[in-house]
Amino acid sequence: MDASVDMNMTINYEMLFDRRVAEAYYGVEPEPQGDYYDDDRGMFVRTSVDGGTYVQDLIQFAPDALAFTGAATPLPVPSVSRHRQLIGQDDWIHFCLRLGVGGYEDIDGYMKVDQPSRMGTIIRYPAGTEVRRFSPTDETWRIACLWLKPSALTRLLETSNSRMPTELEWLTCERTEMAHHLAIPLSPQLFTAVNDILNCRFRGGVRRAFVYSKYLEILATLFQGALDQQKEPIHRVAEKDLGKIHEVAHMVKSRINHMESLSELSRAVGINRTKLVLGFRAVYGTSVEAYWRDWRMQEASELLRKQGLSVSEVAHRIGFSEVSSFTRAFNRQFGVPPSERKNT
């Protein structure tokens, strides 16, 4: 393998477990072997460029199972924010969780696939496919990606092709002639699992076991979400309404301490209230109110962890008049009190 990687060329993610290739790709040498993982089947990258910080945890659980967990504020590594990937000689499945800013990818011969913030996407790529991937570079970026060959998926889930619903057979069949994808809203459980990986302080084999357990949790939760989605009636969102649905999501995220009524939101974007309710659930898998509550708690968690604010300061900043009410809501969302999250 050529150790020098031209960033204008396509990259195969399996190549990144070669330390020299990883250094060329990320622009910095991964942390020394033994600091985080005992061998290069696990690597940890940390860099800072023009005031932006970036960390990425890479693990090869098996030759057919890879995981990448990253965070940046903002995203300072050009090759990560915008690159081309070449799928190798076998089909791969990508489980992608975007906790921060969204993004999208163009799949050669298929379509553009949006990957909104706070959503999980499951994408199946045929062998030999080229993927062009894009993420904004000026916003907080947190992402977790699990890459599996179909045989790894059935192995890790301890299932088989024969037990797969017809609608999801594209996930486990040996070969597919075209790309497939679906989107699943991220539950608080998935946010917590990704944050646990990013905050993990373990080293060596213990770290590997911990991260592996978290990715099994992520995989099982996303897969069950895909199964549940097949059981629900499908509400089709008209193309002209899709942008308005996304606009409402942006509006409620920008007003963390107060949410307008559904009628006010509907009027603001020019959509019927009923269409907003049904369309929002179809796109994001939850109600507008629940989406806002989850986002509010995620922002509270970030304020506690990264800005050093007190619990009462965070409570008031996100619109709680009573700290006790905020504490109960936070504990209900994450299973721990806000004072404990402040210390992680």
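Along the sequence shown, residues carry numbers from 1.
In terms of modelled atom types and a separation under 3.5 Å, the side chain of D39 and the main chain of R41 share a donor-acceptor contact. The backbone N or O of Y291 sits nowhere less than 3.5 Å from a side-chain atom of R296 that would complete a donor-acceptor pair. Panel note: side chain E23, backbone R20; no donor-acceptor pair is recorded below 3.5 Å. Panel note: side chain N195, backbone F191; a donor-acceptor pair is recorded below 3.5 Å. A donor-acceptor pair is defined here as one N or O able to donate and one able to accept, closer than 3.5 Å; no such pair exists between the side chain of D38 and the backbone of G34. Judged by distance alone, with hydrogens and angles left aside, the side-chain atoms of W141 form no donor-acceptor pair with the main-chain N or O of G70 at under 3.5 Å. Looking at D91, its side chain does come within 3.5 Å of a backbone N or O of A127 through a donor-acceptor pair. A donor-acceptor distance shorter than 3.5 angstrom exists from the side chain of Y25 to the backbone of S79, with no hydrogens or angles considered. With hydrogens and angles disregarded, no donor-acceptor distance shorter than 3.5 Å links the side chain of T73 to the backbone of T140. With hydrogens and angles disregarded, no donor-acceptor distance shorter than 3.5 Å links the side chain of R98 to the backbone of M119.
Minimum heavy-atom separation, V101 to P136: CG2-CG, 3.6 Å. A pairwise comparison of heavy atoms in R133 and Y13 identifies NH1-OH, 2.7 Å as the closest pair. Taking every heavy atom of both residues into account, P30 and A22 meet most closely at CG-CB, 3.9 Å. In terms of heavy atoms, R155 sits closest to A62 at NH2-CB, 3.9 Å. Closest approach of C96 to H94, counting heavy atoms only: CB-NE2, 3.3 Å. Between L276 and S266 the shortest heavy-atom distance is CD2-OG, 3.3 Å.
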Kindly determine whether E313 and S310 satisfy side-chain hydrogen bond (donor to acceptor under 3.5 Å, both in side chains), including the steps that lead there.
-> CA-CA 5 Å; E313 286 174 324; S310 69; 3.3 Å; yes
Steps toward side chain to side chain contact (heavy atoms under 4.5 Å, CB included) verdict (Q224, T221) | CA-CA 5 Å; Q224 186 60 50; T221 304; 5.9 Å; no
Steps toward salt bridge (Lys or Arg N to Asp or Glu O under 4.0 Å) verdict (E174, K149) | CA-CA 9 Å; E174 184 176 348; K149 291 183 181 180; over 6 Å; no
How far apart are the C-alpha atoms of I245 and V269, what are their side-chain angles, what is the distance that settles it, and do they pass the side chain to side chain contact (heavy atoms under 4.5 Å, CB included) test?
-> CA-CA 8 Å; I245 299 295; V269 301; over 6 Å; no
Determine, stepwise, if the pair L171 / F223 fulfils side chain to side chain contact (heavy atoms under 4.5 Å, CB included).
-> CA-CA 10 Å; L171 273 173; F223 185 76; 4.1 Å; yes
After noting the C-alpha distance and the side-chain angles of V28 and V45, does the key distance pass the side chain to side chain contact (heavy atoms under 4.5 Å, CB included) rule?
-> CA-CA 7 Å; V28 63; V45 175; 3.6 Å; yes
Go through H180 and T176 one step at a time and tell me if the side-chain hydrogen bond (donor to acceptor under 3.5 Å, both in side chains) criterion holds.
-> CA-CA 9 Å; H180 299 264; T176 183; 3.3 Å; yes
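One hydrophobic cluster, built from ILVMFWY side chains closer than 4.5 Å, cannot hold both Y104 and I11; they sit in different ones. Hydrophobic clustering (side-chain heavy atoms under 4.5 Å, transitive across Ile, Leu, Val, Met, Phe, Trp, Tyr) groups F95 together with L216. V80 and F134 are members of different hydrophobic clusters when ILVMFWY side chains are connected at heavy-atom separations under 4.5 Å. Side-chain heavy atoms closer than 4.5 Å link hydrophobic residues (I, L, V, M, F, W, Y) into clusters, and following such links, possibly through other members, connects Y215 to V55. L97 and W295 fall into different hydrophobic clusters, defined by Ile, Leu, Val, Met, Phe, Trp and Tyr side-chain heavy atoms under 4.5 Å apart, directly or through other members.
For the atom pair CH2 of W292 and CZ of R255, the computed distance is 12.0 Å after rounding to the nearest 0.5 Å. From L148, atom CG reaches atom CG of L153 across 6.0 Å, with rounding to the nearest 0.5 Å. We find the CZ-OG distance between R273 and S261 to be 7.5 Å, quoted to the nearest 0.5 Å. Separation of atoms CD1 (I197) and CZ (R207) is listed at 9.0 Å; rounding is to 0.5 Å. Distance check: R163 CZ to T154 OG1 gives 11.5 Å after rounding to the nearest 0.5 Å. For the atom pair D40 CG and Q33 CD, the distance stands at 4.5 Å (nearest 0.5 Å).
Between V194 and D196, the closest side-chain pair of non-hydrogen atoms is not below 4.5 Å. At least one side-chain heavy atom of R142 sits less than 4.5 Å from a side-chain heavy atom of L198. Within the 4.5 Å cutoff, the side chain of Y37 has no heavy atoms near those of the M43 side chain. For the pair L265/E260, a side-chain contact is recorded, criterion being any heavy-atom separation below 4.5 Å from C-beta on. At least one side-chain heavy atom of V288 sits less than 4.5 Å from a side-chain heavy atom of M259. L182 places none of its side-chain heavy atoms less than 4.5 Å from the side chain of T121. You'll find the side chain of F326 reaches within 4.5 Å of the side chain of V311, heavy atoms only. With a 4.5 Å cut-off on side-chain heavy atoms, S151 and D64 count as touching.
The aromatic rings of F210 and F202 sit perpendicular, their planes meeting at an angle over 60°, well past the 30° parallel limit. Ring pair F17/F68 is tilted by interplanar angle, where 30° to 60° counts as tilted.
Salt bridge absent: E177 and R175 never bring a charged side-chain N and a carboxylate O closer than 4.0 Å. The existence of a salt bridge linking K214 and E217 is confirmed by a sub-4.0 Å separation between a basic side-chain nitrogen and an acidic carboxylate oxygen. Using a 4.0 Å cut-off between charged nitrogen and carboxylate oxygen, E105 and K112 do not count as a salt-bridge pair.
Residues satisfying the ring pair (Phe, Tyr, Trp, His ring centres under 6.0 Å) test with Y125, not counting sequence neighbours, are W147. When the ring pair (Phe, Tyr, Trp, His ring centres under 6.0 Å) test is applied to Y110, no partner is found at least two apart in sequence or on another chain.
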